[in-house]
Amino acid sequence: YVSFNDGASWQSLRLNLPVVPVHDLTIKDNDLIAATHGRAFWIIDGVGPLRELAGTEPQGDRVLYQPADPWRTGGFRAGRRQATVGQNAPRGAQIYFYMKDKPDSVVTLEIRDAHDSLVRHWSTSPSDPQDSLEVKAGMNHAAWDLRYPGAHRFKGMILWGGGTNGPVAVPGTYAVRISTRGWTATKSFAVKEDPRVNVTTADLQKEFDLLIRIRDRMSLADDAVKQIRDIVSQLDGVEARAKGQTGAAAIDSRADSLKTRLGEIEKAIYQTQNQSGEDPLNYPIRLNNRIAGVAGVVGSADAAPTEQSYQVFDLVSGLLQAQLDKLKATVTTDIPAFNQAVAAQNVPAAIVR
């Protein structure tokens with residue numbers, strides 16, 4: 001049970017705790033730990049909202065609670081594999097907010113840095129599913145894993161020895177901001193460095209800066225693959241509509257030539273033979289995967305990047321730029337010429353077969 005008025009009245013705080021003797025209670029940082037007899041340890045993660053409820057300020061219809069300062073730690077986090085194993089708390093900053101009623105307008109949740117620049121964004125009406133925010137009447141919880149947004153991806157992408165995760169935030173001051181129609185609230189918190197790691201904030205900033213450059217470069221590579229595939233799909237559509245029409249042979253010839261050039265660029269950027277996670281064992285990785293591999297090395301430890309990491313990134317980035325330049329030349333010169341050729345043949349926009 002919990003009391004917010006020095007024991008004058010009590011409310012149940014059992015939650016999902018089974019009926020079991022509790023032999024001891026302790027509070028560690030912001031967590032409440034119950035030592036039970038026969039059911040191991042049970043932990044309520046983040047009792048900050050309970051502490052605020054016990055304060056002198058009245059509870060409003062909408063409240064953003066003060067987040068606890070999260071630790072910037074790495075390491076492996078196992079998932080829940082069976083019902084008898086407890087669920088670990090999410091990593092990073094734990095955000096709690098209360099809504100008396102379910103909002104009838106869009107709710108946005110943001111993480112901002114010390115310069116008020118946007119770091120992460122979630123919404124009940126997101127443009128990307130990974131940025132979705134679920135809000136219900138009552139207490140709500142969200143977690144920021146301390147990472148910045150990752151690199152862009154495309155459907156079916158398979159990587160080896162690298163990924164698209166964004167870099168981890170540098171220790172410092174951040175803020176969470178929640179907004180809905182007629183109401184905005186902001187709370188600041190600090191991301192704290194792992195005390196077990198002997199590293200300066202300046203070195204972590206160097207690591208972060210390079211990882212952001214790598215992320216943005218990989219996004220350009222993946223966006224190029226998406227653009228190529230979109231153009232090829234449109235070329236296929238033009239060929240299908242021109243079939244049986246006057247000038248179809250000339251259009252097919254131009255389209256096939258374009259698709260060959262675009263295919264060569266795509267294959268230089270991405271290993272198109274990958275169909276499963278094990279395929280990179282048989283087929284060499286390409287430029288976007290090589291860039292992802294550099295990110296894996298740089299982000300593998302809390303330390304400043306090595307000089308070799310900068311050199312490899314610059315090398316692979318230059319190779320990528322050569323392919324991006326070829327794609328730009330094709331898009332700005334060859335595609336308009338193809339469009340003019342198609343227009344001259346009066347290929348219909350749609351054909352009813």
Side-chain angles (χ1 to χ4, degrees), residues 127-130 147-167 207-239 253-300 305-306 308-339:
S127 56
D128 190 318
Q130 69 178 0
R147 288 189 178 274
Y148 278 62
H152 300 170
R153 297 182 61 89
F154 53 83
K155 186 177 180 179
M157 183 169 71
I158 295 171
L159 299 177
W160 185 273
T164 58
N165 285 338
E207 177 190 51
F208 174 85
D209 291 343
L210 180 55
L211 287 172
I212 284 290
R213 290 175 59 197
I214 294 171
R215 180 204 67 179
D216 292 348
R217 206 65 181 154
M218 187 173 180
S219 290
L220 285 176
D222 295 342
D223 288 346
V225 172
K226 289 190 289 187
Q227 185 181 42
I228 289 171
R229 293 182 176 181
D230 178 60
I231 293 172
V232 170
S233 176
Q234 294 183 62
L235 292 173
D236 290 339
V238 172
E239 288 185 283
S253 177
R254 280 179 170 268
D256 291 344
S257 176
L258 273 173
K259 287 191 288 186
T260 296
R261 274 176 282 167
L262 291 170
E264 290 173 352
I265 298 171
E266 180 184 3
K267 291 174 183 177
I269 295 175
Y270 175 67
Q271 178 51 267
T272 57
Q273 291 180 282
N274 285 344
Q275 299 297 318
S276 72
E278 299 299 316
D279 279 343
L281 290 170
N282 298 315
Y283 309 116
I285 63 172
R286 302 304 187 194
L287 292 173
N288 72 331
N289 203 154
R290 292 172 67 182
I291 294 173
V294 179
V297 171
V298 174
S300 64
T306 63
Q308 291 90 340
S309 294
Y310 286 105
Q311 293 172 356
V312 173
F313 172 66
D314 289 340
L315 170 64
V316 182
S317 181
L319 296 174
L320 172 64
Q321 189 59 50
Q323 299 302 321
L324 296 177
D325 291 342
K326 290 180 183 179
L327 177 59
K328 182 178 179 180
T330 301
V331 169
T332 58
T333 303
D334 299 330
I335 296 298
F338 175 78
N339 290 337

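Using a distance-only test at 3.5 Å, with no hydrogens or angles considered, a donor-acceptor pair links the side chain of N289 to the main chain of W160. A side-chain donor-acceptor contact under 3.5 Å links S219 to the backbone of R215. Remark: the backbone N or O of R229 is not paired with any side-chain donor or acceptor of S233 at under 3.5 angstrom.
Among all heavy-atom pairs drawn from A255 and L235, the shortest one is O-CD1, 4.1 Å. Scanning both residues, Q275 and I158, for their nearest heavy atoms gives C-CD1, 3.4 Å. Considering every non-hydrogen atom in both A295 and L211, the closest pair reads O-CD2, 3.6 Å. Nearest heavy-atom pair, R147 versus G166, reported as atom, atom and distance to 0.1 Å: NH1-O, 2.6 Å. Considering all non-hydrogen atoms of both residues, L320 and I291 come closest at CD2-CD1, 3.7 Å.
For the pair P280/N274, a side-chain contact is recorded, criterion being any heavy-atom separation below 4.5 Å from C-beta on. Contact annotation: the side chain of V238 approaches that of F338 to within less than 4.5 Å [non-hydrogen atoms, C-beta and beyond]. Within the 4.5 Å cutoff, side-chain heavy atoms of T164 are placed close to those of M157. Using a 4.5 Å heavy-atom cutoff, the side chains of R217 and V316 are not in contact.
Checked by atom type, the side-chain pair S257/T260 shows no donor-acceptor distance below 3.5 Å. For the residue pair D222/H152, the side-chain donor-acceptor check at 3.5 Å is not satisfied.
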Show, in sequence, the C-alpha distance, side-chain angles and deciding distance for V225 and E266, and conclude whether the side-chain contact (heavy atoms from CB on, under 4.5 Å) test is met. CA-CA 6 Å; V225 172; E266 180 184 3; 3.9 Å; yes
(Q) What verdict does the side chain to side chain donor-acceptor pair (under 3.5 Å) test give for R261 and T330, after you've listed the backbone C-alpha separation in whole Å, the side-chain angles of each residue and the deciding distance to 0.1 Å? (A) CA-CA 8 Å; R261 274 176 282 167; T330 301; 5.1 Å; no
Self-check item: Residue pair V331, I231: steps toward the side-chain contact (heavy atoms from CB on, under 4.5 Å) verdict
Solution: CA-CA 9 Å; V331 169; I231 293 172; 4.0 Å; yes
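Looking at K328 and D325, no side-chain N of the basic residue comes within less than 4.0 Å of a carboxylate O on the acidic one, giving no salt bridge. Between D314 and R213 there is a salt bridge, since at least one side-chain N of the basic residue sits less than 4.0 Å from a carboxylate O of the acidic one.
For K226, the NZ atom counts as densely surrounded, since its 6.0 Å shell holds more than 12 non-hydrogen atoms of other residues, nucleotides or ligands. At most 12 non-hydrogen atoms from other residues, nucleotides or ligands lie less than 6.0 angstrom from NZ of K326.
Between the CD1 atom of I214 and the OH atom of Y310 there is a distance of 9.0 Å, given to the nearest 0.5 Å.
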